[in-house]
Asker: 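This structure is in C-alpha cells; I'll ask about it shortly.
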Amino acid sequence: MNNPNAKDNKKSPKTQFVTTPIYYINGDPHIGHAYASIAADIIVRFKRMDGYNVHFSTGTDEHGIKVARSAEIANMTPTKFSDIMAQNFKNMNRIINLSEHDFIRTTEERHKKSAQVFWKLLKKDIYKGIYSGWYSVRDEEYVPENEIVNGKAPSGALVEWMEEESYFFKLSSYQDKLLRYYEENPDFIAPVARKNEVVSFVKNGLKDLSISRSKFSWGIPVPDTDGEHVMYVWIDALANYITSLGFPENKEHVSEIMENCIHIVGKEILRFHAVYWPAFLMSAGISLPQRIFAHGWWTHDGQKMSKSIGNVVDPFNIVKNYGLDQLRYFLFREVRFGEDGDFSEEALKKRAAYDLANDLGNLVQRVLAFIQKLEGRLIVNYDFTERESALFAKSRNLVREMHLKMEKQDLYGALSTVLELVSESNRFTNDMQPWKLAKIDVARLNAVLTVLCESIRAIAFGIFSFMPDTARKIFGFLNVEGKAFAELESNFTDQQFPIPSLLFPKEEKG
Ligand code: ME8
C-alpha cells in the first residue's frame with residue numbers, strides 16, 4: 001500500500017541525524033551514559049562509512065528541580081554548578097572516542113531561543129489551568145495517582161505533592177493521531193516489545209500534560225509570561241534535538257532532517273520520546289523522527305547502580321584499566337542491544353582476553369607474522385581452491401550482511417557476523433597449516449595468506465564502528481588506511497607489508 005505518511009519515501013536518503021539522550025548533570029557521567037552514547041556513535045560511524053552525511057548530537061539537560069536542588073546541596077548557583085558538571089560529560093566524550101558534531105547544553109542561548117519559538121508553535125494546543133498532583137523529582141515526571149505505591153513512583157522514586165498554576169498541552173487530543181501514526185509506521189518505535197508497551201499506554205488514554213512550572217525559576221521562561229512560568233524540563237529537553245539542527249532558523253530544513261533522525265534513548269524515557277515528543281512535533285508542524293530505539297539498562301554485579309549503594313561504574317576508570325576498545329566491544333557483545341545487561345569487570349576481562357586478544361589478536365598476528373617470513377610480500381601465481389574462494393566471497397560480503405542488521409540497530413547481530421568471520425578465518429588457518437605449506441608449497445601459501453588478508457581487511461571494516469582504534473591499527477598493518485568501503489579492492493600483491501605491532505596487550509593468564 002502506498003501511504004504518504006510512511007517513511008519509505010525519504011527526500012534526502014543520504015542524510016542521517018542521530019542523537020543520544022541529553023544527560024542530567026546532577027551526578028557524574030557513568031557507564032549507562034557512556035553506553036547510550038557509544039551505541040549512537042557506532043550507528044553514526046557505520047552510516048558514515050556507508051556514505052551518509054551524518055549529524056550526531058549529544059549534550060546535557062541542565063534545567064529542572066532536580067538540578068536546582070543538586071546545585072543547592074553543592075552550595076553553588078545552578079549556573080556555576082552546570083558549568084562544572086557539563087564539563088565532566090564533555091570529558092567523558094573524549095575518553096570514549098565519541099565522534100559527535102554537536103554538544104548541546106540546554107542553558108545555551110541558542111537553545112533558549114529555540115525552545116521558546118517551539119513553544120509558540122504549540123500555542124493552539126496550550127491552555128492555562130491548575131495542576132495538582134504527585135511529582136517525582138528524580139524522574140522529573142508527573143505520576144498518576146493509580147501508579148503510586150507506598151508513596152513512590154513506579155521507578156521507586158519518592159513523589160511530592162504539587163499544586164500550582166500551570167500551562168497544559170492538549171495531549172488528550174493526540175491519542176488517535178498517535179495510534180494511527182504507530183500503525184502506519186510500524187518501525188517507528190523499536191524494539192517491538194517496547195513499542196507494544198507504548199501503544200497500550202496510549203490506548204489506555206492520554207491526559208493533558210502540565211508543561212510549565214511557576215514555583216521555581218531554574219528553567220527557560222515561558223514566552224509572554226513575564227518570567228512567572230518556566231517550561232517543564234521535558235519540553236525544554238526534547239526541543240534540544242531541533243536546536244541542534246539550527247531551529248528556529250530554516251524550519252523546513254529542520255523538518256526534513258528530522259525525518260531521517262534516529263533517537264537512541266534508555267527504556268525509561270521512551271514514553272517521553274515516543275508519545276509526548278511526537279505529539280509536540282505534530283502540533284508544531286515538524287516531521288516526526290524516523291525511529292526511536294529504546295535500549296536496556298545495565299546493573300552492576302547483579303545490583304541496580306546507585307549513588308547511595310556506591311556501586312556506580314565509572315567509565316573513566318574502566319577505560320583506564322581495561323582499554324577503550326575493550327569496553328566498547330564488551331558493551332555490545334555482552335548483551336543484545338535493546339536488552340538489559342549486567343556489568344562486571346570479570347566478564348569484561350574475559351571477553352577482552354578470549355575474544356579480542358586470543359581470537360582476533362591471534363588471527364591478525366599469525367597471518368601478518370607469516371607474511372613477514374615471506375619478506376613482507378605476497379605473489380600471485382595460483383588459482384583459489386573452492387574453500388579459499390568461499391572464504392574470500394564471505395569476506396567481501398561481510399559489510400553487506402552487517403548492513404542489514406545495522407539498519408535495524410541490531411548492533412549485537414552485526415558484531416556477531418564479524419566474529420563468525422574471525423572464527424572461520426582461524427579455523428581456515430588451522431586447517432591450512434601455513435607453517436607446513438611454507439616448506440612444501442609456496443604458491444598455495446601465498447593463496448592462503450591472500451585470502452586471510454582479505455578476511456582481516458573485511459574484519460577491520462566490520463569492527464571499525466565498534467572499535468575504531470583497533471580497526472585503524474589493522475588498516476595500518478595492511479596498508480589500507482583511509483580507504484572507504486567503495487574502494488575495497490583486493491590488491492595485496494604489489495605492496496610491502498609493514499612489520500605489525502601487537503594488536504592487543506597480552507592476555508593475563510589465570
Ligand atoms: O533522563 N543503564 O537523563 P539521565 C543503561 N535528561 N543506560 C543508562 C543507565 C543504566 N544503568 N543509566 C542511565 C534523562 N542510562 C533526561 C533525558 S533526553 C531529551 C532527556 C542512560 O541523565 C540511558 O540512555 O537520567 C538513559 O535514558 C539516559 O542515560 C538518561 O540519562
Side-chain angles (χ1 to χ4, degrees), residues 18-41 43 57-67 70 82 85-86 88-89 92-93 96 102-107 111 114-115 118 136-141 153 155-157 194 219-220 231-244 261-278 280-281 289 292-307 309 311-315 327 330-332 334-343 409:
V18 180
T19 71
T20 75
I22 52 169
Y23 306 111
Y24 288 129
I25 47 157
N26 57 305
D28 288 330
H30 62 68
I31 201 77
H33 305 127
Y35 179 57
S37 290
I38 295 172
D41 188 64
I43 292 164
S57 78
T58 184
T60 41
D61 189 356
E62 306 187 2
H63 290 129
I65 324 182
K66 181 153 79 168
V67 172
S70 300
S82 303
M85 300 303 276
N88 294 336
F89 282 86
M92 175 185 81
N93 293 347
I96 60 175
D102 193 8
F103 187 101
I104 174 157
R105 297 182 54 187
T106 53
T107 46
H111 179 65
S114 158
F118 187 59
S136 154
V137 172
R138 195 174 84 197
D139 305 318
E140 292 281 15
E141 186 176 20
S155 65
R194 302 246 173 260
I220 296 179
M231 292 180 198
Y232 170 40
V233 64
W234 269 101
I235 192 167
D236 164 350
L238 288 163
N240 97 84
Y241 301 129
I242 52 172
T243 306
S244 182
C261 170
I262 300 174
H263 292 307
I264 299 299
V265 300
K267 62 182 184 180
E268 85 294 357
I269 57 171
L270 179 60
R271 193 187 289 181
F272 298 93
H273 284 81
V275 182
Y276 306 164
W277 179 228
F280 295 157
L281 287 170
I292 301 150
F293 189 99
H295 69 74
W297 266 50
W298 286 93
T299 49
H300 181 198
D301 290 332
Q303 264 188 316
K304 193 176 164 167
M305 278 186 268
S306 97
K307 264 200 266 184
I309 304 176
N311 66 343
V312 176
V313 180
D314 172 5
L327 172 66
F330 173 78
L331 292 175
F332 296 92
E334 188 69 2
V335 291
R336 189 170 277 282
F337 187 52
E339 289 171 9
D340 294 335
D342 185 46
F343 186 91
Q409 291 76 49

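Everything numeric in this text was worked out from a predicted model, so none of it was measured. Note that ligands are numbered from 1 as they come in the structure, with each ligand's atoms numbered from 1 the same way. All heavy atoms count here, side chains included; hydrogens, waters and symmetry mates do not.
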Asker: When you measure from atom 8 (C) of ligand 1 to every protein heavy atom, which one gives the shortest distance, and what is it?
Answerer: Gly32 CA, 3.3 Å
Asker: Would you please indicate if the ring centroids of Phe343 and Phe330 are separated by under 6.0 Å?
Answerer: yes
Asker: Measure across Tyr232 and Glu141 and return the closest heavy-atom pair with its distance rounded to 0.1 Å.
Answerer: OH-CA, 3.7 Å
Asker: Would you mind running through ligand 1 and noting each atom that sits below 4.0 Å from a heavy atom of Ala237?
Answerer: 19 (C)
Asker: Using a strict 4.0 Å cut-off to heavy atoms of Tyr241, name the atoms of ligand 1 that fall inside it.
Answerer: 18 (S), 19 (C)
Asker: Donor-acceptor check, side chain of Asp102 to backbone of Thr58, threshold 3.5 angstrom: yes or no?
Answerer: no
Asker: Can you report which non-hydrogen protein atom sits closest to atom 31 (O) of ligand 1, along with the distance?
Answerer: Tyr23 CD2, 3.6 Å
Asker: Considering the heavy atoms of Met305, write down every atom of ligand 1 situated less than 4.0 Å from one of them.
Answerer: 11 (N)
Asker: What protein heavy atom lies closest to atom 11 (N) of ligand 1? Include the residue and the distance to one decimal.
Answerer: Trp298 O, 3.2 Å
Asker: Before signing off on this row, confirm whether Gly266 and ligand 1 have an N or O atom pair separated by under 3.5 Å.
Answerer: yes
Asker: Considering non-hydrogen atoms of the protein only, which is the closest contact for atom 17 (C) of ligand 1, and what is the distance?
Answerer: Ile22 O, 3.1 Å
Asker: Parallel under 30°, tilted from 30 to 60°, perpendicular over 60°: which one fits the rings of Phe280 and Phe118?
Answerer: perpendicular
Asker: Tell me whether Gly296 reaches ligand 1 (any heavy atom closer than 4.0 angstrom to a ligand atom).
Answerer: yes
Asker: Can you classify the ring geometry of Phe272 versus Tyr276 as parallel (below 30°), tilted (30 to 60°) or perpendicular (above 60°)?
Answerer: perpendicular
Asker: Do any N/O atoms on His273 end up under 3.5 angstrom from N/O atoms on ligand 1?
Answerer: no
Asker: For atom 13 (C) of ligand 1, which protein heavy atom lies nearest, and how many Å away is it?
Answerer: His30 CE1, 3.7 Å
Asker: Please lay out, stage by stage, how Glu334 and Trp298 fare under the test side chain to side chain contact (heavy atoms under 4.5 Å, CB included).
Answerer: CA-CA 11 Å; Glu334 188 69 2; Trp298 286 93; 4.0 Å; yes
Asker: What atoms of ligand 1 come closer than 4.0 angstrom to any heavy atom of Ile269?
Answerer: 1 (O), 17 (C), 27 (O)
Asker: What atoms in ligand 1 come closer than 4.0 Å to a heavy atom of Ala36?
Answerer: 24 (O)
Asker: Which atoms from ligand 1 have a heavy atom of Glu268 less than 4.0 Å away?
Answerer: 26 (C), 27 (O), 28 (C), 30 (C)
Asker: For Asp61, take its heavy atoms, then give the atoms of ligand 1 lying under 4.0 Å from any of them.
Answerer: 6 (N), 16 (C), 20 (C)
Asker: Is Tyr24 in polar range of ligand 1, meaning some N or O pair under 3.5 Å apart?
Answerer: yes
Asker: Quick one: closest heavy-atom pair of Val67 and Glu62, and the distance?
Answerer: CG1-O, 3.2 Å
Asker: Indicate the atoms forming the closest heavy-atom contact of His63 with Thr106, along with that distance.
Answerer: CE1-O, 3.2 Å
Asker: Do you know the tightest heavy-atom contact between Val335 and Gly341?
Answerer: CG1-CA, 3.5 Å
Asker: Does any N or O in the side chain of His30 come within less than 3.5 Å of the main-chain N or O of Val312, such that one atom is a donor and the other an acceptor?
Answerer: no
Asker: Are side-chain N/O atoms of Trp234 and Glu140 paired as donor and acceptor at under 3.5 Å?
Answerer: no
Asker: Check ligand 1 against His295 and write out every atom of the ligand that is under 4.0 Å from a heavy-atom position of the residue.
Answerer: 5 (C), 7 (N), 23 (C), 24 (O)
Asker: Test of understanding: given a 4.0 Å heavy-atom threshold, classify the contact between Glu140 and ligand 1 as side chain, backbone, both, or neither.
Answerer: neither
Asker: What is the ring orientation for Tyr23 with Phe89, classed by angle as parallel under 30°, tilted 30 to 60°, or perpendicular over 60°?
Answerer: parallel
Asker: Does ligand 1 have an atom that lies less than 4.0 angstrom from a heavy atom of Phe272?
Answerer: no
